[in-house]
Amino acid sequence: MLVNLIVNVVLNFLCCTIALVIVLVTSLSVFAETYEGSDETSLGEFYKKPTLVVMIAIDQLRRDRLNSSFKGGLGRLVKEGRVFSEAKLNHAISTTCPGHAVMLTGTNPGKAGIAGNSYIDRQNWQSRYCVDDADPSNQVFGRDINRSPRNLLVTTLGDWLKNNDHQSRVYAVGGKDRAAITLAGHSADGVYWFDATLGVFTTSHYYVDKLPDYIADFNGSDPLVDGFLSRLPASWTHRSGRNRVDDYQGEDEKLGNTSGHPLMAGNREEVASQVYQSPYVDSFTLELATSIVKREKLGQRGSTDLLAIALSATDTVGHLYGPFSAESEDTLRNVDEYLGKFLAFLDVTIGRASYVVVLSADHGVAELPEWAKENGRLSCPAESGREGVYGFMFRFYWYVYSRFTFPLDNPDNLVKLADSQITVNRLFAEELGLDTGEIITGLRAMLEAEDVIARTWTPEEIESDDGEIARLYRNSFVDGRSGDLFIQPQATCLVRDAGTSHGSPYSYDRNIPLVFFGNGITPGKTDVEAYSVDIATTLARLLGLVSPEHLDGRQLPLR
Ligand SMILES: [Zn+2]
C-alpha cells in the first residue's frame with residue numbers, strides 16, 4: 001500500500017510538472033509570436049535571411065480594391081502572402097507625404113516631422129513642400145528646385161540596414177519625389193522619380209553627382225524621340241468598367257471622360273503631365289525598378305538590400321475619376337500585370353527564398369460623392385456632397401480680410417491653409433495690433449458654420465481629448481510645423497469641384513492594404529490590429545536588425 005501511494009504521488013508530481021512545463025512553454029511561445037515576432041532561429045532550419053526587401057507603396061489604394069481575383073502580381077501577393085485584413089493608417093492627415101513617411105520610419109508623421117504634403121514655415125511665412133530643401137547644393141537635375149529628405153526628422157529601415165552593414169544598398173524609384181524620398185531615408189544610394197514637367201526620371205544632387213548612364217539612357221536624349229516616352233501610343237485606351245459606365249457624373253473632364261484619354265498630344269510638358277495621370281507612369285516605374293535590380297546587383301551580393309517602389313498612377317488617375325471608375329480599374333490591372341512580371345523577374349534573379357515584399361498604401365480615398373449618393377452611402381449634409389473650391393476659399397479669405405486685414409493688408413499674410421490646417425502669422429498679427437486667440441476663435445466660428453465641416457481642433461484640444469479622432473490628429477501633430485487649427489470635414493464631403501480626394505481621418509481614407517510576402521512569412525489572412533507604421537519595426541525584426549528605440553510601430557506576427 002505504502003509503495004503504491006509513494007508511486008502515485010511521484011507519478012502525479014511528474015505529470016503535473018510535465019503538464020505545467022508544457023503549458024508554460026506553449027504560452028511563452030504564443031507570447032513570443034504575438035508580441036515579439038519570431039526570432040530567426042525559431043523560423044526553422046530552412047529560413048535564410050532575405051538579400052532583398054522590396055517595399056511597394058501604391059498611392060491612394062483603398063483596402064477594398066485589393067483581392068485575390070487579380071491574375072498577376074497583386075493576386076499572387078494576396079494568395080501567397082500574409083494579408084492584414086484590418087490594416088489602417090494610425091494618423092489623421094491622410095495625404096501622400098505623411099503616408100509614405102510612416103511606412104519605413106516606424107514613426108507616426110508627428111515624430112517624423114511630416115505635418116502634411118506641405119506646411120507653413122513660420123520663420124519666413126512661406127508654404128514649404130515636405131521634401132523641399134533651401135540648400136541649392138541639393139538641386140534636382142534639370143530643374144531649378146531642390147529636393148532632399150532633410151525635413152524628415154527620423155531615420156528609415158534603409159538607414160538602419162546601411163548602418164548595420166555598409167555593403168547594403170538602398171534604392172527607391174517612384175512616380176512622385178515625396179514618395180520615393182521619404183521611403184528611402186537619408187543614406188540611400190539612389191532615389192529616382194518621374195518629373196511630371198520634364199517627362200524624365202530624375203534625382204537630386206543630394207544623392208549623386210551624376211545621373212547613372214542606365215537612367216540617362218532610359219530617359220533618352222529627348223524622351224519623346226529616343227526615350228521611354230517614345231514607346232507610348234497616342235492615347236490611353238481602356239475597357240469599360242465592371243463597376244459603372246466609363247463616363248460618370250462628377251468625373252474630372254480635363255483629360256476627357258472616356259477611353260482614348262490624350263497621352264502624346266501637345267508639347268513635352270503636356271505629354272509629361274498626361275503620362276503622370278495615366279497608368280503608364282507605373283509601367284515605366286516598374287521597368288526602371290527592374291533595371292535598378294539588374295544594374296546595381298540588388299539582392300545578389302550576400303548583403304541585404306532595400307528597393308522601395310512608389311506607384312503613383314492609382315492616385316493621379318483616382319483623383320480625376322474616382323476609385324470605382326473604369327480608368328481606376330484599368331490602372332490597377334496594369335499594376336497587377338507589371339508587378340507580376342517584376343516578381344517573376346525576382347524569382348529568377350534573386351530566387352524565391354531570398355526576397356521579401358511588403359505591399360501597402362499611403363492612404364485611401366473617398367468615392368465620388370455622386371457615386372456614393374447613388375449607392376446610398378453619402379452622409380454629407382451638403383446635398384451634392386461637394387462644396388466648390390472657389391466659393392469656399394472666397395468666403396474664407398473674405399472673412400479674414402473684412403474682419404482683420406481691411407482695408408490695405410493682404411489676408412494671405414495673416415492666415416494660410418496647408419493640408420487641412422490653418423496657420424496664423426503671429427508676428428503680422430502683432431504688427432496689426434490683433435490678438436491671435438481672437439483670430440483663431442473667429443476662424444473657428446466661420447469654418448464650423450460651413451456645411452462640409454464637422455469641427456476644428458486646436459493643438460490643445462488634440463492633446464487633451466481622449467477620443468479616437470483626437471488620437472489620430474495627435475499622431476499627425478508636428479510641433480512648430482502643424483497649423484494652429486486642424487479642419488475635420490464632415491464624412492463623405494469634399495471641397496472639390498470634380499473628381500475626388502483624401503486627407504480626412506475617416507475609414508475610407510485610412511483603410512489600406514497591408515501584405516507581407518516571402519520566406520519566413522506564413523501565407524493567410526489575419527484580422528489582428530495593424531497599421532502602416534508597423535511595417536519598419538516588423539521588417540527590422542525579420543531581418544534581425546537593431547531599430548531605434550521609441551518607434552511608434554509594433555511588431556506584427558508574420559507566422
Ligand atoms: Zn498619396
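What's counted below: heavy atoms across the whole structure, side chains too, no hydrogens, waters or symmetry copies. Order of appearance sets the numbers: ligands from 1, and atoms from 1 within every ligand.
No side-chain heavy atom of H238 sits less than 4.5 Å from a side-chain heavy atom of E329.
The ring-ring contact (aromatic ring centres under 6.0 Å, His included) search around Y248 returns W371, not counting sequence neighbours. Partners of E387 under the side-chain hydrogen bond (donor to acceptor under 3.5 Å, both in side chains) rule, at least two apart in sequence or in another chain, are R395.
Each side chain to side chain donor-acceptor pair (under 3.5 Å) pair with one or both residues in residues 191-205, not counting sequence neighbours, appears once here: R143-D195.
Using a cutoff of 4.0 Å between basic side-chain nitrogens and carboxylate oxygens, D189 and K162 are scored as salt-bridged.
By the criterion of a separation under 2.8 Å, the protein N/O/S atoms near the Zn ion (ligand 1) amount to D59 OD1, T96 OG1, D362 OD2, H363 NE2.
The aromatic ring centroids of H186 and Y206 lie 6.0 Å or more from each other.
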